[in-house]
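Bear in mind that the values here come from a model prediction, so they are computed numbers and not experimental data. Each chain gets a letter, A, B and so on, in the order the sequences are listed, and its residues count up from 1.
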Protein chains: 2
Amino acid sequence: MPSTPGTSTGRRRHRVREEALAEILRTGRRLLVEEGPAAVTLRAIAREMNMTAPGLYRYYAAHRDLIQALTSSLYDELAATLAAARDRHPASEPGRQLGAACRELRRWALEHPQEFGLLFAKPLTDADTAPGAAAHDPSWRFGGILLELMVQLWRRGSIQPPTGLDPAWTVQLEEVREHLDGEPVPLEVIYVFVSCWARLYGAVAVEVFGHLDFALTDPGPLFDHTVRDILTTLGEPSPGS
Amino acid sequence: MPSTPGTSTGRRRHRVREEALAEILRTGRRLLVEEGPAAVTLRAIAREMNMTAPGLYRYYAAHRDLIQALTSSLYDELAATLAAARDRHPASEPGRQLGAACRELRRWALEHPQEFGLLFAKPLTDADTAPGAAAHDPSWRFGGILLELMVQLWRRGSIQPPTGLDPAWTVQLEEVREHLDGEPVPLEVIYVFVSCWARLYGAVAVEVFGHLDFALTDPGPLFDHTVRDILTTLGEPSPGS
DNA sequence: AGAGATTGCTAACGCCGTTAACTTTTGGGA
DNA sequence: TCCCAAAAGTTAACGGCGTTAGCAATCTCT
């Protein structure tokens, strides 16, 4: 067991350790960006840090854990980026805030395609993301920002909820609702949120993963149209910048 | 150089070789399905076939080529599956045909998530898919089916093309148009096609890649709604089965 | 100063893709 | 029918990978 951090020297050790952890992730990310996901290897990271691969096991129990920590930190960065974009608009205009966050998501994804791929192109990573998915899930820190904005939009907005909601959904939707603060959101509205998230994810992923390359060099206007559509669905009358 | 196929023996040799090629892909796919993409390895395939890894180099020049051949064959299977779904409806009702093809795409993706991931979760594979992308691109055999159906829909339908098309797009859109037979399709209509394809891809990918797990156990109705939306955009008044 | 935890190392194992050099099989022409 | 060249598959080996075991150094606290 490590000594409890608290004394001055103990604290310093702890900080050094955290700096090493940070340098590992920094190096791994650099390899990801410069040479692709296959290059993010224990031996390569150690080499770049003038270490040997087994030494890294003092910080991560396995290669998989290192990658997981990397994705988690990327989710944090993405969440912070989206929050910053959101805060460039007044809280009194959640529509503009959400629009800005959506566009920032696309901008970040295009600027960091490898990172986006690591986060969002995972068919069946493991069963680590159970259907319920705890609020501690790294992706939740990111997704929560969009969800909260949609809630704001609902509070002041004019979302017209769909009718005839499939009863099989209510159980899962209620679980999502529990993660939200404040007054309970109608399940129908949560359904609208999910549908909008699906559309936003698709609009970004189809572009970043190159599935529009065959047709378009600049899908920007197409994305803008999609965002306007989403905002309209959420009751925002006119598009925000 | 191999002997020119034509003699009886020559033809038989050729068929044996093609059977070996097929068995390699069959084995690779089985490994992909059963143990994930990382398990599709030359040595594992050879092991399963009672061979040694270097022997596979008689059939594929490198591991990358084998994977590429696998993805190409999967594109073919997907295209055939979509064509079959399309042909379950009369050609006089392209709306129903397209709806069936869309739903079949989702069905195939959910039934073969590993294969779908191999085909559609590739951020920056290589620059092999140039913006222009030849009609020989394996993905074109698949995408062409949806595109042709959209053209059919336009011929009889009531697509209202958008106005104010970004002039920067026309060059790329014209390239797509050249791949289509028959009378030239207006660029604005092609824009609608691309936008619908983006939405369809997103609706399938967001589900297969597990980015709706946090909320929904059965996103089927959500997907149906999206398909109806797409068909409406393409001028289909009422949803087909 | 000494005990114990922390941090890094070397050596080694089995897996991977890939190459080189070899044997074996096989098909077709003299 | 025999022979030979091409095809198909083998073993051996290289470097890189994740991972483990065991060992040395260093650092912290008493």
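Aromatic ring pairs are classed by plane angle as parallel below 30°, tilted from 30° to 60° and perpendicular above 60°; the pair Phe214(A) and Trp140(B) is perpendicular. The aromatic rings of His211(B) and Phe120(A) sit tilted, their planes meeting at an angle between 30° and 60°. Taking the six-membered ring where tryptophan is involved, the planes of Phe116(A) and Phe209(A) are tilted, since the angle between them lies from 30° to 60°.
The distance from atom CE of Met49(B) to atom C1' of dT10(D) is 15 Å, rounded to the nearest whole Å. Atom CG in Leu56(A) sits about 12 Å away from atom P in dC17(D), given to the nearest Å.
For Arg141(A) and Tyr75(A), the positive end is not near the middle of the six-membered ring at less than 6.0 Å and at most 45° from its axis.
Distances shown here put every side-chain N or O of Arg17(B) at or beyond 4.0 Å from the OP1 or OP2 atom of dA7(D).
Under a 3.5 Å cut-off, the side chain of Ser195(B) and the backbone N or O of Tyr191(B) do not form any donor-acceptor pair.
Tyr60(A) comes within 4.0 angstrom of nothing in the nucleic acid, heavy atoms only.
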Report, one line per pair, each donor and acceptor closer than 3.5 Å where one atom sits in a side chain of residues 36-57 of chain A; sequence neighbours left out.
unit_1   : atom_1 : unit_2   : atom_2 : d
Glu48(A) : OE1    : Arg30(A) : NH1    : 3.2
Glu48(A) : OE1    : Arg30(A) : NH2    : 2.8

* Structure fact -> Under a 4.0 Å heavy-atom criterion, the protein footprint on nucleotides 9-19 of chain C, written with B, S and -, is SBBB--SBBBB

